[in-house]
*Asks:* 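Pasting a structure here, questions to come.
If you read the sequence from its start, that first residue is 1, and numbering goes on from there. These values consider heavy atoms only, across backbone and side chains, with no hydrogens, waters or symmetry-generated copies. Note that ligands are numbered from 1 as they come in the structure, with each ligand's atoms numbered from 1 the same way.
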Amino acid sequence: MEATKKQIILTGDRPTGRLHLGHFVGSLMRRVELQNSGKFDEINILIADDQALTDNADNPGKIRDNIINVVLDYLSAGIDPGKSTICIQSALPALHALTFYYMNLVTTARLSRNPTVKAEIQMRGFADEGLPAGFFAYPVSQAADITAFDATVVPVGEDQLPMIEQTREIVEKFNKVYGDTLVLPNALIPENATQRRLPGVDGKAKMSKSLGNCIYLSDDAKTVKKQINGKMFTDPQHLRIEDPGHLEGNVVFTYLDAFCTPEHFSRYLPDYRNLDEMKEHYQRGGLGDGTCKKFLFQVLEEILTPIRDARAKWEKDIDTVYDILRDGTEKAAEKTNQTLARVRSAMRINYFDDRKIVKEWQALLKAAKQ
Ligand code: TRP
C-alpha cells in the first residue's frame, strides 16, 4: 500500500524534568517556528514516557510528575494545540507492536554501535551495573514513534541524529523485506552550531539537572540572574576590565551566539551594532564580564518573560491541559493504529482483517493431499 506523501513532523521529549534553554534552542523554538510556518500538513509532538521508563523503571512516579511539566513548557513556549497534536507515548499501543516487529530488523551489533546510546550507557553507569534490554533497544522504539506517524521531518537536537539514521535503516530494511510501506524520515537540526549543543552555565558539555548547570524555561528572573552572575563560566584570565578577554569556552559569549540579535543591541547595548563588534572589544580589553552578563540577562529575559507569563496562565487551568493531552492522544491513536494495520497487512499477519486466509489454508491442505 502506498504511504502518504504529506509533509509530516514528529518529534518528542522524554518527560524526565522541566525543559531548559538547551531544549529550547535545540528544538522547541524551532518546532514553534515550523508550526507557525504553515508548511506542514501535520505536526505531532510525542511525550515519550515509555522511553523515559527504559532507564527509570524503578521510578515511574518521576515520569508521571514530569509529563505536566513538559506539556506546560510546550504550551508556554508557543506550541498551539490547535495546530500541533500533543500525545502520550504509553497510550499508543500501536507503537509497542511496531517496536516488536522492528526489533527483528536490527542486530544487537548495530544497536551497540549507536554513539548516543553508548554515551548514555557510560553516563548512567550501566556498563558496570547491567544494561536494561529496554534501554539498549530504545532506538528501535524511537523508529516506531517516527514511522507510526509517517513522519517526513524530525526536528531534533544533534544528539538525536543516530536515532534518525537507525530509523532510516529500519525503514529501508522493512520496505525491502515486506514491500514499500514505511516513509523514510529526515532529521532537521538547527543551522546555528551553538544552538545545536548549548553547554551548561558552568561550561560543561551539556545542561543537566544533576550538575545544577541549567536555566529552565520556568525559572524566575531571580534564579536566571543567579545562574548567570553566580555560576556562568567566562575567562579565568580576564581579571581586570582592561585585560584582553578570550572567547573560547566563554559561556556568556556562547549563549549570546545562540540567542542575541542586532535588535537586542539597539535596545540594551547601543555601544555596539552587533555581536562581532562586542566580541572585538572584549578581546581587545576594556569590556568587563559584568557588562556582558548584564546584557545576556536582558536578552534571555526578553525570551523568557513571555514564556513565564504564559506558564502562569496555563498553570491555573490544568483541566484544559488534561483535555488537550487526551484529545491529542486520541487523534494520535487513530493515526498510529492505521500505520500498524498497514504494517501488519504488508507482513501478511493481518489474519482477522478478512476471512481470505480460510480459503488459503483450505487450498494448502488440499494441495498437500495431492
Ligand atoms: N530520544 C528523544 C530524546 O531523548 C525523545 C524522543 C522519543 C524522540 N521519541 C522520539 C525525538 C521521536 C524525536 C522523535 O530527547
*Asks:* Are V156 and V171 in one and the same hydrophobic cluster, where Ile, Leu, Val, Met, Phe, Trp and Tyr link if side-chain heavy atoms are under 4.5 Å apart?
*Replies:*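 Shared cluster, no.
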*Asks:* Show which atoms of ligand 1 fall inside a sub-4.0 Å distance from at least one heavy-atom site of V154.
*Replies:*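 Result: 13 (C), 14 (C).
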*Asks:* Hey, is ligand 1 close enough to Q142 that some N/O pair sits below 3.5 Å?
*Replies:*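 Yes, at least one N or O pair falls under 3.5 Å.
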*Asks:* Among D49, L46, L10, which residue places a heavy atom closest to atom 12 (C) of ligand 1?
*Replies:*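 The option holding the nearest heavy atom is L10.
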*Asks:* List every atom of ligand 1 that sits less than 4.0 Å from any heavy atom of V156, numbering the atoms from 1 in the order shown and giving each element.
*Replies:*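 Numbered from 1, ligand 1 contributes 13 (C).
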*Asks:* With a 4.0 Å cut-off on N to O distance, would you call E301 and R308 a salt bridge?
*Replies:*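 Yes, E301 and R308 are salt-bridged.
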*Asks:* Among all the protein's non-hydrogen atoms, which is closest to atom 7 (C) of ligand 1, and how far away is it?
*Replies:*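 Of the protein heavy atoms, Q51 NE2, 3.3 Å lies nearest.
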*Asks:* Answer yes or no: is there a donor N or O on one side and an acceptor on the other, between the side chain of K206 and the main chain of P199, under 3.5 Å?
*Replies:*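 No.
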*Asks:* Before signing off on this row, confirm whether R14 and ligand 1 have an N or O atom pair separated by under 3.5 Å.
*Replies:*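 Between R14 and ligand 1, an N or O pair is found under 3.5 Å apart.
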*Asks:* For ligand 1, note which part of Q160 has a heavy atom under 4.0 Å away: side chain, backbone, both or neither.
*Replies:*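 Side chain only.
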*Asks:* Which class fits the ring pair F24 and F259: parallel under 30°, tilted 30 to 60°, perpendicular over 60°?
*Replies:*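 Ring orientation of F24 relative to F259: parallel.
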*Asks:* Considering only protein heavy atoms, which is closest to atom 9 (N) of ligand 1, and at what distance to one decimal place?
*Replies:*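 Atom 9 (N) of ligand 1 sits closest to the protein heavy atom D145 OD2, 2.8 Å.
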*Asks:* May I ask you to decide whether K62 forms a salt bridge with D65, counting only side-chain N to carboxylate O separations under 4.0 Å?
*Replies:*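 A salt bridge is absent here (no side-chain N lies under 4.0 Å from a carboxylate O).
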*Asks:* Report the relative orientation of the aromatic rings in Y272 and H281; use parallel for angles under 30°, tilted for 30 to 60°, perpendicular for over 60°.
*Replies:*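 Correct class here is tilted.
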*Asks:* List ligand 1 atoms under 4.0 Å from A48, heavy atoms only on the residue side.
*Replies:*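 The list of qualifying atoms is 7 (C).
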*Asks:* Using 30° and 60° as the class limits, which term best fits the ring planes of Y178 and F174: parallel, tilted or perpendicular?
*Replies:*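 Rings of Y178 and F174: tilted, as their planes differ by 30° to 60°.
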